[in-house]
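A, B, ... follow the sequence lines: proteins, then strands. Residue 1 opens every chain.
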2 protein chains.
Amino acid sequence: MVVESDDTDRLFHALADGTRRDILRRSVRGELSVSQLAAAYPMSFAAVQKHVTVLERAGLVTKERRGKEQLVRTDPDAVRRARTALEQLEATWRGRVDRMSQVLSRTSATVEDTPNERTDR
Amino acid sequence: MVVESDDTDRLFHALADGTRRDILRRSVRGELSVSQLAAAYPMSFAAVQKHVTVLERAGLVTKERRGKEQLVRTDPDAVRRARTALEQLEATWRGRVDRMSQVLSRTSATVEDTPNERTDR
DNA sequence: CTAACGTAAAACCAAATGGTTGTAGAAAGC
DNA sequence: GCTTTCTACAACCATTTGGTTTTACGTTAG
């Protein structure tokens with residue numbers, strides 16, 4: 001049942017950093033290696049590498065090896081998915097929810113889980 | 001110059017948590033107090049209160065005092081702003097950037113800063 | 001072959017995050 | 001008035017985050 005939650009967490013968390021958003025912008029054409037990207041920021045190579053990893057785990061970016069180097073390419077579809085997550089959130093209070101979730105449950109479980117009511121206290 | 005960066009950080013960070021996204025969903029009608037919200041989650045009142053604060057600092061939610069209690073209301077416009085931030089990100093690699101930033105600079109500075117190139121190394 | 005480059009991964013550190021409990025004040029109910 | 005309810009805030013704690021440096025390894029260039 002819990003499917004979208006962690007994915008969405010990773011997605012928005014990855015977007016919640018200016019350097020990472022900038023990496024996304026620069027990597028659309030998929031021509032830049034991690035080192036080339038790293039040269040663009042006032043931090044170590046390792047730090048940029050970590051940012052790329054965060055973007056990768058969020059599905060926002062893919063890496064393609066070309067010989068020595070690793071080319072970073074942003075997945076435009078993943079960014080669209082982020083927008084979709086927001087639109088779905090908005091849809092919740094615009095009444096389109098029922099039809100939405102019907103469609104979604106037909107294809108794959110992408111409806112976010114709702115935290116349990118607390119039983120103790 | 002740096003205007004959108006921190007705001008966007010806060011915005012996406014606030015969205016990067018399932019409990020907070022759920023609070024957003026529940027608070028559209030603006031009828032629920034912090035305690036009422038807190039009762040819905042398996043964590044302490046203080047924890048939920050902190051989540052509401054995060055949403056508030058991100059501009060996603062406002063609080064309105066009604067006597068003893070504080071009613072939470074999500075600002076649908078703020079969620080639209082989040083979507084706009086993503087659309088702007090996508091616009092970067094779709095050529096609409098130039099016209100976009102022209103329009104934006106005319107109204108208010110909402111263009112995100114770009115981290116400096118590193119000078120040392 | 002050897003040197004240089006690009007990447008990966010580990011160890012470490014300070015600061016932020018997400019949770020807890022406890023204390024205190026303001027409003028409402030009895 | 002007194003008690004209860006709701007809120008706010010502080011102090012504390014464990015984990016995560018975002019950065020560092022160092023070491024190791026594969027690939028390319030001389």
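- Checked against side-chain contact (heavy atoms from CB on, under 4.5 Å), B:Ala46 has the following partners two or more places apart in sequence or in another chain: B:Ser44.
- Rounded to whole Å, atom C1' of D:dT4 lies 14 Å from atom CD of B:Glu69.
- Look at A:Ser44 and you won't find any side-chain N or O under 4.0 angstrom from OP1 or OP2 of D:dG19.
- Residues passing the salt bridge (charged side-chain N to carboxylate O under 4.0 Å, His left out) test with B:Arg81: none are found, sequence neighbours excluded.
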>> What does the B/S/- profile of nucleotides 8-18 of chain D look like, 5' to 3', with a 4.0 Å heavy-atom cutoff to protein?
In response: BB-B------S
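- Between D:dC6, D:dG19, D:dT27, one nucleotide has an atom nearer to the side chain of A:Met43 than all others, and that is D:dG19.
- Among residues two or more places apart in sequence or in another chain, the salt bridge (charged side-chain N to carboxylate O under 4.0 Å, His left out) test is passed with A:Arg73 by A:Glu64.
- In this structure, the CZ atom of B:Arg66 is 12 Å from the C1' atom of D:dC6, given to the nearest Å.
- Whole-Å rounding puts the B:Gln36 CD to D:dT5 C1' distance at 12 Å.
- Applying the salt bridge (charged side-chain N to carboxylate O under 4.0 Å, His left out) definition to pairs two or more places apart or across chains, those involving residues 28-50 of chain A are A:Arg29-A:Glu31.
- Annotation: salt bridge (charged side-chain N to carboxylate O under 4.0 Å, His left out) contacts of A:Arg66 (sequence neighbours excluded): A:Glu69.
- A salt bridge is absent between A:Asp9 and B:Arg20; no separation between the charged side-chain nitrogens and carboxylate oxygens falls under 4.0 Å.
- A straight line from CG of A:Leu71 to P of C:dC5 spans 19 Å, rounded to a whole angstrom.
- Rounded to an integer number of Å, the gap from NZ of B:Lys68 to P of D:dT5 is 8 Å.
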